[in-house]
Amino acid sequence: MSEEQKQAENRARPTTEEFRGFVREDWAERRPQATGQSPAAPYAATRREDVSAAFPGDRLVVPAGGLKVRSNDTDYVFRPHTAFAHLTGLGADREPDAVLVLEPTDDGHEAVLYFRPLGERDSDDFFADARYGEFWVGARPSLADIELELGLTARHIDEFEAAVAKDAGQVTVRVVRDADRELTASLDESRVENGAERESLAEHDDALAHALSVLRLTKDEYEIEQMREAVAATHVGFEAVIAELETAAELGRGERWIEGIFGLHARHQGNGVGYDSIAASGDHANTLHWIKNTGDVAEGDLVLLDAGVEVDSLFTADITRTLPVSGTFTDAQREIYDAVYAAQEAGIAAAKPGAKFSDIHAAAIRVIAEHLHAWGLLPEGVSVEDTLDTEHGQYHRRWMVHGTSHHLGLDVHDCALATRAEYMDAELAPGMVLTVEPGLYFKADDLKVPERFRGIGVRIEDDIVITADGNENLSAAMPRSSADVEAWIADIREENAV
């Protein structure tokens, strides 16, 4: 008996057949959950066609993944695996344990979704199952609902195991291994039992995972529209935080207040946050992934807020603004901020079709290096060209260690399995969605920088889409220059004072 079954048995209350019969009686007829096809469905179908063309004759298995225990008998909110969401169009917390199978046919593949459909009201699944039952977690779609919504074939998950590895010796079966490790382990054994060579399994599977990651490098019109919605929702969250900066400064652990305010709007505007928000005040901004958010917020501090709303389709924004709590930058803060802004402007200008992805970083980091050189922070005798030398220089990286850009989409760091040639060294093409996010980080105990700079960290990050003739800044409505940020804060405070 599994741990989950033991826990369910321990929680089960004594019952009788008479009570079971009573529970099954007198329910109104169910209404269909799907009333038409999802807007995402035709785009997901096109993506499946691309995958089908890449793996003719192979059976492709893309699990959604299962529920994960948070503590004892409570689960985390479910999020389907990114590849599954991309190829089905399902988002939010839809269909744990489901598996998409692309079944080879004479003219391509048939898409079959195996999942746990709505249980009948005379079953324990309806009333007694605390993890999946309708009484406990809500109704699931029927087979007909899924077929209407997604435009593919739907079958009960109980049919999956017998169907997927039955001829693994004659048909290459590939699975996205990290989506559901239990399913993968079971499928490995079934594949071997049915004639597949164990040594080839991981190689076959890795090729599928790589292809599905690379498929997301260029977004279709539906995906770009979802990115627009995610950015717009994130804009709402940032303005709500700005309205609360003074309150955050008055409270203990003001970083948590800022995190909570943004999270409130992320959950209301979309599915939630796309990643753990960074709400870093003062010197905490110099810790690149500061997600503890336990610090106070003080008047005179800068707050670095790196946050994004994930909409219900699971596409996420990723935006950073560095905000003066008082509403006005000090001279030293402005000097650093303006340097980062200039670097970001250079990076955005470099983002255009035909340029390399790495050109964005090269343009931004040159501006960073020029400022560090002008401030006298590079070692004596080291020029801008010297520090930009990747083999013998790189002194500037003490104050900007990270890259300037990454792909963005269903994952905040999207397309992670692409090779260097497909990612860093690749040409930019229309439909690619990227961040541009230079920064400067001067830790409070860094004795190589002037005292006026110590404890100041600045990052500015925007989400752009490459277009036919350049790029579009999806987050352009959110002010970026130091003067515009100050005006933004002043306007919001004036609105809230009325």
I'd like to know if [X] and [Y] make a salt bridge, using a cut-off of under 4.0 Å between side-chain N and carboxylate O.
X      : Y      : result
Arg79  : Glu310 : yes
Asp425 : Arg420 : yes
Arg321 : Asp462 : yes

Pairwise ring-ring contact (aromatic ring centres under 6.0 Å, His included) hits with a residue in [range], at least two apart:
range            : answer
residues 167-192 : none
residues 255-276 : Phe238-Phe262
residues 404-425 : Phe357-His407, Phe357-Tyr423, His406-His413, His407-Tyr423
residues 173-211 : none

Exercise. Between Asp75 and Lys68, does a salt bridge (charged side-chain N to carboxylate O under 4.0 Å, His left out) hold up when you go through it step by step?
Worked result: CA-CA 5 Å; Asp75 295 318; Lys68 294 179 174 61; over 6 Å; no
Exercise. Are more than 12 heavy atoms from other residues, nucleotides or ligands located less than 6.0 Å from atom CD of Glu197?
Worked result: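 Check fails, neighbour count at 12 or below.
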Suppose we screen for side-chain contact (heavy atoms from CB on, under 4.5 Å). Which residues come up paired with [X], at least two apart in sequence or across chains?
X      : result
His86  : Arg47, Leu215, Arg216, Glu223, Leu410
Ala209 : Leu417
Pro430 : Pro353
Val77  : Asp93

What donor-acceptor contacts under 3.5 angstrom involve side-chain atoms of residues 30-37, with partners at least two apart or in another chain?
unit_1	atom_1	unit_2	atom_2	d
Arg30	NH1	Gly119	O	3.1
Arg30	NH2	Gly119	O	3.2
Arg30	NH2	Glu134	OE1	2.4
Gln33	NE2	Arg140	O	2.6

Answer yes if the side chains of [X] and [Y] hold a donor-acceptor pair under 3.5 Å, and no otherwise.
X      : Y      : result
Tyr441 : Arg398 : no
Thr82  : Asp411 : yes
Gln226 : Ser313 : yes
Thr419 : Glu422 : yes

Over all atoms of both residues, closest heavy-atom pair of [X] and [Y]:
X      : Y      : value
Leu302 : Gly457 : CD1-O, 4.3 Å
Ala98  : Leu113 : CB-CD1, 4.4 Å
Ile360 : Ala350 : CA-CB, 4.2 Å
Asp312 : Asn271 : OD1-N, 3.4 Å
Ala369 : Leu388 : CB-CD2, 4.0 Å

Exercise. Which pairs with one or both residues in residues 162-180 pass salt bridge (Lys or Arg N to Asp or Glu O under 4.0 Å), sequence neighbours excluded?
Worked result: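 Counting only pairs at least two positions apart or across chains, the salt bridge (Lys or Arg N to Asp or Glu O under 4.0 Å) contacts touching residues 162-180 are Asp58-Arg174, Arg59-Asp167, Arg177-Asp188, Arg177-Asp205.
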For this session: Any pair with a residue in residues 342-356 that passes salt bridge (Lys or Arg N to Asp or Glu O under 4.0 Å), sequence neighbours left out, goes on the list, sorted by first then second residue, please.
Result: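 Of all non-adjacent pairs touching residues 342-356, those that pass salt bridge (Lys or Arg N to Asp or Glu O under 4.0 Å) are Glu345-Arg480.
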Problem set entry | Mutual orientation of the aromatic rings belonging to Trp290 and His284 [parallel < 30°, tilted 30-60°, perpendicular > 60°] |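 Judged by the thresholds at 30° and 60°, the geometry between Trp290 and His284 is parallel.
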Exercise. Are Trp27 and Phe126 near enough that their ring centres are under 6.0 Å apart?
Worked result: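 Yes - the distance between ring centres of Trp27 and Phe126 falls below the 6.0 Å cut-off.
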Result block: side-chain N/O donor-acceptor pairs under 3.5 angstrom for residues 147-157, not counting sequence neighbours:
unit_1	atom_1	unit_2	atom_2	d
Glu147	OE2	Ala154	N	3.0
Glu149	OE1	Arg94	NH2	3.0
Glu149	OE2	Arg94	NH1	3.1
Thr153	OG1	Glu110	OE2	2.8
Arg155	NH1	Tyr114	OH	3.3
His156	ND1	Asp158	N	3.0

